Amino acid sequence: MQAGKKRLPVVNCGSHRYNGCHNLRNIGYKVPMLDIKAIREQPKEIENKLKARDPALSLDRLLLLDERRRKSIQEVETLKNQRNKASEEIARFKTAQREEEAQARIREMRQTAERIKTLEDELAATEEELNNLLIRLPNLPHESVPVSMRKEDKIVVREHKTLPTFEFEPKHHLDLGEELGILDFPRAARIAGARFPLYKGWGARLEMALINFFLDFHFTQTGYTPILPPYLGNSETMFTASQLPKFKDDVYYIEKDDLYLNPTAETLLCSLHRDEILEASQLPLKYMAYTACFRREAGAAGEEERGLIRMHQFNKVELFKFTRAEDSFDELESLVRDAEAVLQPLDLHYRVVLLPTSDIAAQSAKTYDLEVWIPSQRRYYEVSSCSNCTDYQARRGSIRYRPEPGAKPEYVHTLNGSALATSRLLSALLETNQRADGSVVIPEVLRDYVGGSVIQP
RNA sequence: GGAGAGGUAGUCAAGUGGCCGAAGACGGCGGCUUGCUAAGCCGUUGUAGGGGUAAAACUCUACCGUGGGUUCAAAUCCCACCCUCUCCGCCA
């Protein structure tokens, strides 16, 4: 049985291919997002919780395969035990020069070896199917998450400031950007294609100012360790964060090297401690990373998402925490506060919303979004998403910690939050701070970073 | 990209087909010493899965970079790949 091997954390995984069909055949058994033991022990409870996210979901097949798997393991291991004993005997016969008896045992063991091989193949097939079901189950939503299949059923937790008012018709940021000469989408299209950004002059200054302001703030005020990660990740990295298998069509993939372009630094930071056992005293570990993020955004289009709202490439500062299991929901609250803390000095109107079961990412147990007001569209847009993924990603990447020195390792909890998606924030900033003459006022806190206080047409 | 050397437990390191889950050392943990004293001695020491138990105890299976293969039997032999180091080439 290769099952034993398969269950081990996979370390050097660059050789793992997804076989074109992304069936994760070579990924270790011990990677499900939900504990198979828990599923076995309380299938109905878990199924009901998961139905809050997807009413069609059923655990029946999975439970059947689990049963079959355990039966096969027993059978195979009994045979292996026989084989191991026989091997010892053969070794003893050989050293005692009792060749006849050794040969007799070897003849017997030929059949056993064949039987083991057959059973192992069956077991491997069962485990593959089981795995493919397990890795696609979403995380269990936390009890505080509103149960609803309607995305609109989010709860507004708090609002900051009042809606901005204008004595003129506020312009769309794309028009502002073009008139000010700070955004140039036609030339970006020439270089790359549609939905790629090009910031120019004060636009580039402003975008960089936001990034630097956020990084400085979290370095000095909230204590996150800055990371400059690789911008490409391998398949194991994508799998751990749960970009794979579900979002394979949304991620840019470089086939020749079997690497994926970073869709969000969450994905990269999540694998920072993959296959490690951390000490409880190290936790929580707080990291942040600025990266450009790349997404194919297949199927996305429309007037609403013109300009900087939805692009193939955007900038983002990401916060990421590895915490003890019992602390993670408290850590989520402080993560949201940390993300908000950079929004407040920018003087923008925003709100914090708690997403319902149907709208949270598969890996997340609970998600708050920060939404900022976009005046030209008279609607809110998400600039941050803060999630507690509990042990979901930790299981996939085998990221653990010892609660006490010498104690059995447990899975850490992982949390991520954008702080913030600067590209979207820039549109809110331009639109909110525009004046009747077409100029844009730079918020106080950014002026030193930008090197100016007003962008004039 | 080419040539070479490596990858064994927390770390270092022995082991080239059979009582090897793997010597030894260091570290860690527990204990004993307290006239070898910023030391000595003794013991212990991973992970995962299955069975078992109220929980333990206990027991079995697997794990020597990864994945395959050969064999009754693989750390050891064969194939492919990954990673690290050195040299050459290329390059910001």
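The structure presented is a predicted model; accordingly, all values stated were derived computationally and were not measured. In what follows, chains carry the letters A, B, and so on, assigned in the order in which the sequence lines appear, proteins first and then strands, with residues in each chain numbered from 1.
Atoms CD1 (A:Ile90) and P (B:A74) sit 11 Å apart, rounded to a whole Å. Between the C1' atom of B:U59 and the CD1 atom of A:Ile73 lies a distance of 16 Å, rounded to the nearest Å. Atom pair A:Arg83:CZ and B:G17:P shows a separation of 20 Å (rounding to whole Å applied). When the P atom of B:A62 is taken as reference, atom CG of A:Leu79 falls 12 Å away, rounded to whole Å. Counting to the nearest Å, the P atom of B:A73 and the NZ atom of A:Lys85 are 18 Å from each other. One interatomic measurement links the two molecules: CD of A:Glu77 to P of B:A62, which rounds to 8 Å at whole-angstrom precision. Taking atom CG of A:Asp258 as the reference point, atom P of B:U66 lies 18 Å away to the nearest angstrom. Between the CG atom of A:Asp275 and the C1' atom of B:C63 there is a distance of 14 Å, rounded to whole Å.
Between A:Tyr252 and A:His312, the ring-plane angle classifies as perpendicular under the 30° and 60° cut-offs.
Distance noted for atom P between B:A73 and B:U61: 15 Å (whole Å). Using atom P as the reference point in both B:A80 and B:U8, the two lie 22 Å apart (nearest Å). The P atoms of B:U84 and B:G30 are separated by 38 Å, rounded to the nearest whole Å. Nucleotides B:U70 and B:C12 place their P atoms 34 Å apart, quoted to the nearest Å. Spacing of C1' atoms, B:G18 relative to B:U76, comes out at 11 Å, to the nearest Å. Taking atom P in both B:A5 and B:U11, one finds a spacing of 25 Å when rounded to whole Å. Taking atom C1' on both nucleotides, B:U59 is separated from B:U53 by 12 Å, rounded to a whole Å. Rounded to a whole angstrom, the distance from the P atom of B:A13 to that of B:C26 is 15 Å.
For A:Asn81 and B:C60, the shortest distance from a side-chain N or O to OP1 or OP2 is not below 4.0 Å. Taking side-chain N and O atoms only, A:Arg107 has no distance below 4.0 Å to OP1 or OP2 of B:C72. Dashed line: the shortest gap from a side-chain N or O of A:Arg402 to OP1 or OP2 of B:C29 is not under 4.0 Å. A close approach under 4.0 Å does occur between a side-chain nitrogen or oxygen of A:Asn84 and OP1 or OP2 of B:U61. Considering only side-chain N and O atoms, A:Lys80 lies nowhere under 4.0 angstrom from the phosphate OP1 or OP2 of B:G49.
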Evaluate salt bridge (charged side-chain N to carboxylate O under 4.0 Å, His left out) for A:Glu127 paired with A:Arg69, printing each intermediate quantity in order. CA-CA 7 Å; A:Glu127 291 198 328; A:Arg69 170 178 171 271; 2.8 Å; yes
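Salt bridge present: A:Glu108 and A:Arg105 bring a charged side-chain N and a carboxylate O closer than 4.0 Å. Salt bridge A:Asp66/A:Arg70: present, at least one basic N to carboxylate O contact under 4.0 Å. A:Glu99 and A:Lys94 are joined by a salt bridge, as a carboxylate oxygen and a charged side-chain nitrogen come within less than 4.0 angstrom of each other.
Backbone-only contact: A:Arg70 has heavy atoms under 4.0 Å from sugar-phosphate atoms and none from a base. As judged by a 4.0 angstrom heavy-atom cut-off over every strand, A:Ala113 is placed among residues touching the sugar-phosphate backbone only.
Between A:Arg110 and A:Gln82, the residue anchored nearer the 5' end of RNA chain B, judged by the nucleotide with its closest heavy atom, is A:Gln82. Both A:Lys408 and A:Met109 sit near RNA chain B, but only A:Lys408 has its closest nucleotide nearer the 5' end.
A:Arg53 places a side-chain N or O within 3.5 Å of a backbone atom of A:Ala361 that can act as its donor or acceptor partner. A distance-only check finds no donor-acceptor pair linking the side chain of A:Thr267 to the backbone of A:Pro263 [under 3.5 Å].
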Indicate every side-chain donor-acceptor pair of residues 207-219 of chain A with a distance under 3.5 Å to a residue at least two apart or in another chain.
residue: A:Glu207; atom: OE2; partner: A:Asn315; partner atom: ND2; Å: 2.7
residue: A:Glu207; atom: OE2; partner: A:Thr422; partner atom: OG1; Å: 2.6
residue: A:Asn212; atom: ND2; partner: A:Met208; partner atom: O; Å: 3.1
residue: A:Asp216; atom: OD2; partner: A:Tyr449; partner atom: OH; Å: 2.5
residue: A:His218; atom: ND1; partner: A:Thr222; partner atom: OG1; Å: 2.6

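Taken from CD1 in A:Ile39 to CG in A:Leu63, the straight-line distance is 7.5 Å, to the nearest 0.5 Å.
If you check B:G50, B:C19, B:G18 against the side chain of A:Ser87, the one that comes closest is B:G18.
Counting only Watson-Crick and G-U wobble pairs whose two distances sit under 3.5 Å, RNA chain B takes part in these stems of three or more pairs: B:1-7 with B:82-88, B:10-12 with B:24-26, B:27-32 with B:40-45, B:46-51 with B:58-63, B:65-69 with B:77-81.
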